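One structure below.
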Amino acid sequence: MTVEPLRSGDPESIGGYRLAGRVGEGGQGVVYLAEPAEAPGRRVALKVPHSAPGGGASIDLDEIAIIQRVARFCTARVLDAGIDGDRPYLVSEYIDGPSLQSVVESGGALRGSELERLAVGTITALAATHGAGVVHRDFKPHNVLLAADGPRVIDFGVATTLGRSGEGRSGPSGTPRYMAPEQVRGAAVGAAADVHGWAVTMTFAAIGSRAFDDVLPTGSHRPLQVDRFLVDLPLWLRTVVAPCLDEDPEQRPRSRELLLHLLGHDQEALRRSSEERSEPPVRPPVPEAAPPLPRAPTVGRRRAASPPRPPHPGPADMLPGLWRRYPAVTFVAALVLAGALAAGVGARLGSPPAGHRTRAAGAAPATAPSPRLTVGSADFPENVLLSEIYAQALVTAGFKVTRMRNIGPREVYFPKVLSGEVDVVPEYNGALASHLGGLGGDTREPMTTGRVNGKLGRVLPDSLRVLDSARAENNDAIAVTRETARKNGLHSLADLKGVSGDLVLGAAPEFETRHQGLVGLREVYKAAFKDFQPVRPEDHTMLAEQLTKGTLDVVRLFTTDPAIRTNDLMVLTDPKHMFSAQNVTPLVAADVGAKAAAALNAVSARLTTEDLLYMNTRMAVDRSRVEAMAKAWLVQTGLG
């Protein structure tokens with residue numbers, strides 16, 4: 001991305017960020033390349049909005065909220081916002097890559113794999129945006145950045161959320177050249193307008209800027225009529241773009257259907273999907289305490305079945321290798337395939353053999369061209385998901401894998417690992433250390449990841465070892481509603497001092513007597529609650545409901561509990577590490593080799609708590625398949 005020098009009127013710093021240059025300027029404001037004063041060398045993008053006519057500049061809080069709803073791989077994450085004097089600013093992730101507009105203007109139209117990668121990556125981002133209940137309303141080449149890890153869609157300044165009907169709101173939106181017909185008319189703008197903008201943008205990328213400017217010069221306030229360019233598009237792209245240009249928004253395909261087409265989904269199933277859109281989608285029932293997340297809207301029904309598959313190579317003919325070639329095909333791609341191709345996904349990944357091998361503890365594995373490992377799991381969904389991520393990572397590394405899911409609690413699966421019946425199982429370092437007697441329930445010292453792993457290493461049997469711990473943790477979480485946090489100024493557990501006397505906390509009965517519970521909250525954080533409400537383990541799922549209804553003010557959940565996301569709860573940070581680290585950590589037989597260990601350590605290096613929370617929510621709310629979730633995460637992180 002080209003960075004221009006600062007101009008004479010530009011400040012040297014804003015809000016503790018040193019300005020290094022200008023990234024660009026548009027109708028909404030100026031974007032600078034900046035560095036935090038406390039972290040020189042770390043590049044961020046800092047946006048300063050223009051002043052409104054007759055008034056001062058302001059930060060659009062709606063824009064921040066909308067960006068935060070969109071999956072992080074789609075756009076630039078918001079990092080900070082504030083006001084420096086009378087100058088508001090917004091700090092976001094710096095995407096080091098040129099815009100699609102500048103790439104095409106300087107280098108000409110995209111061809112071959114570059115165009116295919118762009119089409120798949122951008123429609124994946126758009127499907128994820130719509131899945132978050134957001135419509136962009138200004139999809140154009142300027143707003144697509146070509147980062148090294150895939151395209152990102154930026155500038156949600158005119159974006160809006162979608163209502164229950166899948167409609168957006170009317171009002172100013174978009175850039176005239178890329179507007180959908182309904183935007184030009186000033187009608188309500190939904191996800192179908194983004195699909196139209198995507199089609200025009202892909203046409204621009206495929207034929208180049210000169211052809212566009214010959215028809216409609218830059219700066220024109222009329223929308224482009226790109227139907228005439230369809231004949232110039234590669235056939236695989238033409239069949240996708242053509243229906244997106246329909247005058248009637250209800251006749252355009254949905255973004256997830258376009259993604260399916262590009263990934264090679266059979267056309268008969270696409271036709272059935274189109275016909276089914278005339279009926280309300282049937283979703284699995286979700287408890288009232290956990291409402292479903294915003295989903296891709298229904299934008300209507302197409303008049304005709306999808307065009308036939310292109311006879312020459314295009315993205316549809318490149319499956320299954322497409323997963324490996326396009327890192328931008330992330331969760332959305334796999335989740336769509338999981339819903340539409342449930343049987344096919346399982347077939348591609350392979351079914352576990354009916355039986356499994358056993359070997360005595362300490363026995364060396366037999367030499368074979370294709371080594372086999374057995375990956376087991378505990379009997380709860382998150383651990384099953386982690387075991388599938390491990391299994392697929394090992395398959396990619398060249399191993400044959402036997403899956404043993406839902407073995408049972410630690411008391412059941414740990415002996416199987418100890419005996420050599422299971423080679424690999426996802427563990428949580430703090431819980432395993434406690435199980436083996438390495439951590440006392442009343443320990444007072446801060447239990448960081450390093451300290452927990454040190455204690456675990458001293459009590460682990462010689463026939464076993466643990467590999468690298470992930471940043472991802474399924475840890476104790478003290479959660480509140482955002483209204484409670486705002487009212488009481490709560491961000492961390494330390495903020496409970498002085499306000500906890502007015503709050504009622506709910507948790508499992510044993511939480512009341514443990515140091516990693518009420519005792520520790522009193523001793524470490526000086527938090528003395530008005531009352532403690534014990535909740536039986538079988539009623540754990542009711543905690544979030546009681547919190548949102550006001551029956552409880554504070555609850556103990558776990559950091560990867562889907563209820564946090566579905567109820568938009570706020571987890572208070574634990575700066576003094578009162579709760580023991582519970583990092584996801586592979587537990588393996590001691591004789592598991594270096595190649596397998598490297599594959600599992602690569603998973604740990606990339607897995608975060610946010611990833612687990614997101615995937616757990618998709619499984620709980622959308623009933624997404626474990627195989628698809630695992631594949632999507634591996635592809636997103638470059639391991640698939």
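Since the structure is predicted, the reported quantities are computational estimates derived from the model, not experimental observations.
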Should [X] and [Y] count as side-chain neighbours, where that means a heavy-atom distance under 4.5 Å?
| X | Y | value |
| --- | --- | --- |
| L432 | F414 | yes |
| M578 | L521 | yes |
| P381 | V384 | no |
| I389 | L639 | no |
| V425 | S387 | no |
| F558 | N475 | no |
| T609 | T560 | yes |
| E427 | L456 | no |

When rounded to the nearest 0.5 angstrom, what is the spacing between [atom1] in [X] and [atom2] in [Y]?
| X | Y | atom1 | atom2 | answer |
| --- | --- | --- | --- | --- |
| N429 | K455 | CG | NZ | 13.0 Å |
| L607 | E473 | CG | CD | 11.0 Å |
| I407 | S377 | CD1 | OG | 6.0 Å |
| L259 | T122 | CG | OG1 | 10.0 Å |
| E411 | H435 | CD | NE2 | 5.5 Å |
| T484 | D553 | OG1 | CG | 6.0 Å |

Look only at the side chain of [X] and the backbone of [Y], and say whether a donor-acceptor pair between them is shorter than 3.5 Å.
| X | Y | result |
| --- | --- | --- |
| S500 | K497 | no |
| R618 | Y614 | no |
| N143 | D138 | yes |
| T551 | K549 | no |
| N453 | G450 | no |
| Y525 | K576 | yes |
| T573 | P575 | no |
| Q582 | A431 | yes |
| N383 | P426 | yes |

Closest approach of [X] to [Y] (non-hydrogen atoms, all atoms of both residues):
| X | Y | answer |
| --- | --- | --- |
| D468 | S604 | O-OG, 2.8 Å |
| A393 | A599 | O-CB, 4.1 Å |
| R556 | A507 | CB-CB, 3.7 Å |
| F511 | Q516 | CE1-O, 3.6 Å |
| E512 | L518 | O-CB, 3.6 Å |
| A527 | L496 | CB-CB, 3.8 Å |

message = Could you tell me if N474 and E382 have a donor-acceptor pair between their side chains, going purely by distance under 3.5 Å?
response =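 Yes, N474 and E382 have a side-chain donor paired with an acceptor closer than 3.5 Å.
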query = Does the side chain of D194 pick up a donor-acceptor pair with the side chain of T129 at under 3.5 Å?
reply =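 No, no side-chain donor-acceptor pair sits under 3.5 Å.
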key: Derivation and outcome, side chain to side chain contact (heavy atoms under 4.5 Å, CB included), residues R254 and H130   = CA-CA 9 Å; R254 291 180 290 187; H130 295 164; over 6 Å; no
message = Between K487 and E483 (salt bridge meaning N to carboxylate O under 4.0 Å), is one present in this structure?
response =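 Salt bridge between K487 and E483, a charged N being under 4.0 Å from a carboxylate O: no.
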request  = Take V480 and L569, measure what side chain to side chain contact (heavy atoms under 4.5 Å, CB included) needs, and give me the verdict at the end.
outcome  = CA-CA 6 Å; V480 297; L569 303 181; over 6 Å; no
task = Could you walk me through whether K631 and E388 pass the salt bridge (Lys or Arg N to Asp or Glu O under 4.0 Å) test, one step at a time?
result = CA-CA 9 Å; K631 186 65 177 180; E388 183 60 28; over 6 Å; no
query = Please walk me through it: do H515 and V524 pass side chain to side chain contact (heavy atoms under 4.5 Å, CB included)?
reply = CA-CA 9 Å; H515 178 74; V524 177; 4.0 Å; yes
request  = Check the pair L258, V195 against side chain to side chain contact (heavy atoms under 4.5 Å, CB included), reporting the backbone distance first and the verdict last.
outcome  = CA-CA 9 Å; L258 295 170; V195 167; 3.8 Å; yes
task = State which residues pass ring pair (Phe, Tyr, Trp, His ring centres under 6.0 Å) with Y413; sequence neighbours excluded, sorted by chain then number.
result =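 Testing Y413 for ring pair (Phe, Tyr, Trp, His ring centres under 6.0 Å), a comparison that skips the adjacent residues, returns none.
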